[in-house]
Amino acid sequence: PPCVASIPTLEAIHRDLADQVRVVSIAAEPSSIVGPWMKDRRRQVAAGTLERLAVPSYPIITNDAGTPALASAVRAYPTIWILAPDGTVLQELVGMHDLPTLLVAIRAATE
């Protein structure tokens, strides 16, 4: 649930800062769970019962696609990493964070 709750914030960053930041999610579930979940969320958006920002349009890596080594370091959900273009971790944020906090962290890590 905390990861799902963070989707609108991450989606806003993905949509508004696409030329500066790349958002990618790592799911703990396989594609057989994530795929139907996404389809249901899109149906809810179409029906008007869910906000568009609640459905990620950024890439999601599922656990059956080979989980990146970085994901093995997760201590709590959600965990957000701000990475340099070469993959170096610039900052790690554990737990829920609002949009202004994430924007400050992104700016600080990329200056």
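Numbering starts at 1 and runs along the sequence shown. All values derive from a computational prediction rather than experimental measurement.
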(request) Could you tell me whether the side chain of R41 reaches within less than 4.5 Å of the side chain of L50, counting heavy atoms only? (result) yes
(request) Check whether L53 and V21 end up in the same hydrophobic cluster, where Ile, Leu, Val, Met, Phe, Trp and Tyr are linked by side-chain heavy atoms less than 4.5 Å apart. (result) no
(message) For S31, is there any backbone N or O sitting under 3.5 Å from a side-chain donor or acceptor partner on D64?
(response) yes
(request) Give a yes or no on whether Q91 atom CD has more than 12 heavy-atom contacts from other residues, nucleotides or ligands under 6.0 Å away. (result) yes
(request) Using a 4.5 Å cut-off on heavy atoms from C-beta on, say whether the side chain of P30 contacts that of T62. (result) no
(request) Following the transitive rule for hydrophobic clusters with a side-chain heavy-atom cut-off under 4.5 Å over Ile, Leu, Val, Met, Phe, Trp and Tyr, establish whether I61 and I33 coincide in one cluster. (result) no
(request) Please check if V23 and L17 belong to a single hydrophobic cluster, counting links between Ile, Leu, Val, Met, Phe, Trp and Tyr side chain heavy atoms closer than 4.5 Å. (result) yes
(message) Has T49 got a side-chain atom pairing as donor or acceptor with Q44's backbone, closer than 3.5 angstrom?
(response) yes
(request) Check whether any side-chain heavy atom of H14 sits under 4.5 Å from a side-chain heavy atom of P56, and report yes or no. (result) no
(request) Give the intermediate values and the outcome of side-chain contact (heavy atoms from CB on, under 4.5 Å) for residues I26 and W81. (result) CA-CA 11 Å; I26 302 170; W81 295 284; 4.3 Å; yes
(message) Are the side chains of I13 and I106 in contact, using a 4.5 Å heavy-atom criterion?
(response) yes
(message) Any heavy-atom pair between the side chains of Y77 and V4 that's under 4.5 Å?
(response) no
(message) I'd like to know if the side chain of R42 reaches the main chain of V55, judged simply by a donor and an acceptor atom lying under 3.5 Å from each other, with no hydrogens or angles considered.
(response) no
(request) Evaluate the side-chain contact (heavy atoms from CB on, under 4.5 Å) criterion for residues L83 and T88: first the C-alpha distance (whole Å), next the side-chain angles of each, then the deciding distance (0.1 Å), finally the verdict. (result) CA-CA 5 Å; L83 307 175; T88 303; over 6 Å; no
(message) Would you compute the distance between atom CG of L102 and atom OG1 of T9 and round it to the nearest 0.5 angstrom?
(response) 6.5 Å
(message) Using side-chain heavy atoms (C-beta onward) and a distance below 4.5 Å, is L10 in contact with Y58?
(response) yes
(message) Give me the atom names and distance for the closest heavy-atom approach of P8 to A5.
(response) CD-O, 3.4 Å
(request) Decide whether M96 and I80 are clustered together by the hydrophobic rule: side chain heavy atoms of Ile, Leu, Val, Met, Phe, Trp, Tyr closer than 4.5 Å, transitively. (result) no
(request) Give the minimum heavy-atom separation between A109 and L90, together with the two atoms involved. (result) O-CD1, 3.3 Å
(request) State, with a plain yes or no, whether a side-chain heavy atom of I82 is found less than 4.5 Å away from one of L93. (result) yes
(message) Are more than 12 heavy atoms, taken from residues, nucleotides or ligands other than R43, located less than 6.0 Å from that residue's CZ atom?
(response) yes
(request) Could you tell me whether R15 and E11 have a side-chain N and a carboxylate O separated by less than 4.0 Å? (result) yes
(message) Any carboxylate oxygen within less than 4.0 angstrom of a Lys/Arg side-chain nitrogen, looking at R75 and E92?
(response) yes
(message) Test of understanding: clusters of I, L, V, M, F, W, Y form through side-chain heavy atoms closer than 4.5 Å, transitively. Do V104 and L99 belong to the same one?
(response) no
(request) State whether the side chain of T101 and the backbone N or O of H97 hold a donor-acceptor pair below 3.5 Å, judged by distance alone. (result) no
(request) Taking all non-hydrogen atoms of both residues into account, name the closest pair between A28 and N63 and its distance. (result) O-ND2, 2.7 Å
